There are 2 protein chains.
Amino acid sequence: METPTTRPATLDDVARAAGVSRATASRVLGGYGFASVDARDRVGAAADRLGYVPNTTARALVRGAGVRLVVAVSGTDATVLDDPYVDRLVSAAARVCAPHGVGVALEWLPLGAPAGLRRLGGDRSVCGVLLVNTTAPVLDAVPAGLRGRVVSIGTGSPAVPSFDVDNAAGAEAVLRHLHAGGRRRIAMVTGPRWLSCAERSVTAYQRLMRAAGLPVRLVTGDFTAARGGRAALEALTRWPDTDAIYAASDATALGAIAALRGRGIGVPHDVAVAGFDDIPYAAVSSPALTTATHPVARIATAAATAVLDGRPVPPVTAFPSTLVARESA
Amino acid sequence: METPTTRPATLDDVARAAGVSRATASRVLGGYGFASVDARDRVGAAADRLGYVPNTTARALVRGAGVRLVVAVSGTDATVLDDPYVDRLVSAAARVCAPHGVGVALEWLPLGAPAGLRRLGGDRSVCGVLLVNTTAPVLDAVPAGLRGRVVSIGTGSPAVPSFDVDNAAGAEAVLRHLHAGGRRRIAMVTGPRWLSCAERSVTAYQRLMRAAGLPVRLVTGDFTAARGGRAALEALTRWPDTDAIYAASDATALGAIAALRGRGIGVPHDVAVAGFDDIPYAAVSSPALTTATHPVARIATAAATAVLDGRPVPPVTAFPSTLVARESA
DNA sequence: CGCACACCTGAGAGCGCTACCACCACAAAC
DNA sequence: GTTTGTGGTGGTAGCGCTCTCAGGTGTGCG
């Protein structure tokens, strides 16, 4: 392999150097169709010598394939993109896409403005879309041209397959643990209420509480630590006998713990706190956080792989969530 | 705008619908060259009506522009990609690149194997490279064809501009705070020793300690919480009178706090602990973590913008780091 | 010997777009 | 009248690649 002094080698250069036609070189390098051993060797050697790297752009153009996978995050404003959850999603997707010559773009999809989706559907350079935090109206607005190239991380629809953690199972695991620990006055700090995939754990919470004859105590959060702290205090103000808080995310739970500590309330002695996600910091918080796993990277990997492959996928892929019992509950 | 029933509209379709040539349509939509008001109106209307979206791939091909920005993370093995720091970098870059029709790819660049870099240099679909955690050998291996399209987040070189937090200033701010708090036996848990940008805070630590006539106590870490915990315990074993630990990252510091708590050592009463990064969880840990800021998203945004613009940038751009004094030190 | 059928190859069309170039109309300057 | 812009326009050559298609060579078989 020699350093390209002027410009990167093209397929034509390789073909010329190997003494074959461009078609043959393409066949050899592409690994399809027939090619004699001799041709294969000569082309391979020439490609090595010239340091040939296929131009993914040209390939994509002629094949009609896309070069970008768009991660579109719904939300009321662009701050939804500041979420570490989104960071992990994008990073995992970018890792899966790299070997395919596909890059990842991150966009905010304003809630109730599906025009952005239509634009993505008309963009031939987009090979697929990962919908995040999506809602029914957005799902309904998915243009026909995007069918089969768009998946949802979270809520799905008949037309859009979904990949998500089994929210209900995670909630159930945590709540049963709380119940087994003797907690009976369990308040829940939710995620944003418009987010239907997050509502599933709220629904599970309500169902379980009612089934056990326990009071339902809901406070709205937004997955952030700051809001989690305020919500926890609000719960304790409204229902002073609350003995456990189930937070919809680990960040929320960590914020709750900090707020309770600020009030001199012992965790887990006075109030148990449990989260949902099992982020790396859950293990080293004080007290160490009891939570349920949320395999974000695995979910993003599976979702990105699905759109990259283009093969039909089942309408719903649920990833198991298991309890991680630590000290906080 | 009508729903594309068959295939997305091309520039030819728009030109035909507007009754002009493809060249004129391209000029209008591209916003360059001459075009009569009439032509502008007709092309604009036709584009709207057909829901025309330019094909970025074709545009990039003819312009010789890339469509991917590669985030290449150096490290001994692929687990370097699992770092939340990398997640934030990639996510911020993907956000900046999206409006430019550029996608982000994430790759591991094996330490001491610059062949990967050569491949990126020959790949015309790559518009730029963000080198992360890079080392001198890697920087030296940057092929000439990549010059001007590659920047480093961390250590740079004459040929590769760098964007990084001012590690020395951050270290100094934290160490002065520790010193002002009466701490004199300050041990440092470093990052990986081969990582030259991280070494800058080690150097600053050594310089400050020596200048103050204080002992230098170094333990090697790797930015993770788990290793941070072990390293903190190791420091306390080797130097039992240690009264403060300066950790090279917040994760390390959080791990250290957890480990000390496990040994019944009070933070900050017995040992003060300070970190570096100011991650969201630093504010809600127990005790709340004293640290110095590391504007990761801003750095990644600036770096990505630089390669996207293609304009020459100064060899070093240092982002200020300021102390955030909380409870742990 | 003729035919079918493998294997192998190169010519060339075209993906959708940009940008260079030639061209035209008209007005101002010489 | 001729030149010199100046605004506006269309033809068309590619960017680098894939893939169809027509054609070539050899082998097995009736």
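Being a predicted model, the structure only gives us computed values, none of them experimental. Note on naming: letters A, B, ... go to the chains in the order of the sequence lines (proteins, then strands), and numbering restarts at 1 for each one.
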**OP:** Could you state the atom-to-atom distance from CZ of Arg40(A) to C1' of dC7(C) in whole Å?
**Re:** 11 Å
Subject >> Whether Trp108(B) side chain and Gly75(B) backbone form a donor-acceptor pair below 3.5 Å >> reply: yes
Subject >> Under-4.0 Å side-chain N/O to phosphate OP1/OP2 contact, Thr57(B) with dC15(C) >> reply: no
**OP:** Please state whether the base of dG10(D) and the side chain of Arg27(B) form at least one donor-acceptor pair under 3.5 Å?
**Re:** yes
**OP:** Look at the side-chain N and O atoms of Ser26(A) and state whether any lies under 4.0 Å from the OP1 or OP2 oxygen of dC19(D).
**Re:** no
Original post:
Taking CZ from Arg63(B) and C1' from dC20(C), how many angstroms apart are they, rounded to a whole number?
Top reply: 14 Å
Original post:
Contact class for Arg22(B) vs. all strands (heavy atom < 4.0 Å): base, sugar-phosphate, or nothing?
Top reply: base
Original post:
Taking OH from Tyr32(B) and P from dT9(D), how many angstroms apart are they, rounded to a whole number?
Top reply: 14 Å
**OP:** Report the distance from atom CZ of Phe34(B) to atom P of dC23(C), rounded to the nearest whole Å.
**Re:** 19 Å
Original post:
For the atom pair CZ (Phe163(A)) and CZ (Phe319(A)), what is the distance rounded to the nearest 0.5 Å?
Top reply: 6.5 Å
Original post:
Of all the choices, dG16(C), dC17(C), dG16(D), which nucleotide is nearest to the side chain of Ala58(A) once you look at every atom?
Top reply: dG16(D)
Original post:
Between Leu29(B) (CG) and dG16(C) (P), how many Å, whole number?
Top reply: 16 Å
**OP:** Identify, with sequence neighbours excluded, every residue that meets salt bridge (Lys or Arg N to Asp or Glu O under 4.0 Å) alongside Asp13(B).
**Re:** Arg7(B), Arg16(B)
Subject >> Nearest-nucleotide pick for Thr24(A), side chain only, options being dC17(D), dG10(C), dT9(D) >> reply: dG10(C)
Original post:
Are Arg68(B) and Glu107(B) close enough for a salt bridge, meaning some N to O gap below 4.0 Å?
Top reply: no
Subject >> Rounded interatomic separation in angstrom, taking CG from Leu11(B) and P from dG16(C) >> reply: 11 Å
**OP:** Using the closest heavy atom to pick a nucleotide of DNA chain D for each, name whichever of Gly19(B) or Leu61(B) lands nearer the 5' end.
**Re:** Gly19(B)
Subject >> Short side-chain N/O contact to dG11(D) OP1/OP2 from Ser21(B), under 4.0 Å >> reply: no
**OP:** Would you mind classifying the nucleic acid contact of Ala60(B) as base, sugar-phosphate or nothing, using non-hydrogen atoms under 4.0 angstrom?
**Re:** nothing
Subject >> Asp12(A) CG to dA11(C) C1', straight-line distance once rounded to whole Å >> reply: 13 Å
Subject >> Sugar-phosphate, base or nothing in reach of Ala23(A), heavy atoms under 4.0 Å >> reply: base
**OP:** Mark yes or no for whether Arg124(A), through its side chain, and Pro8(B), through its backbone, hold a donor-acceptor pair below 3.5 Å.
**Re:** yes
**OP:** Round to a whole Å and report the spacing from CZ of Arg59(B) to C1' of dG16(D).
**Re:** 18 Å
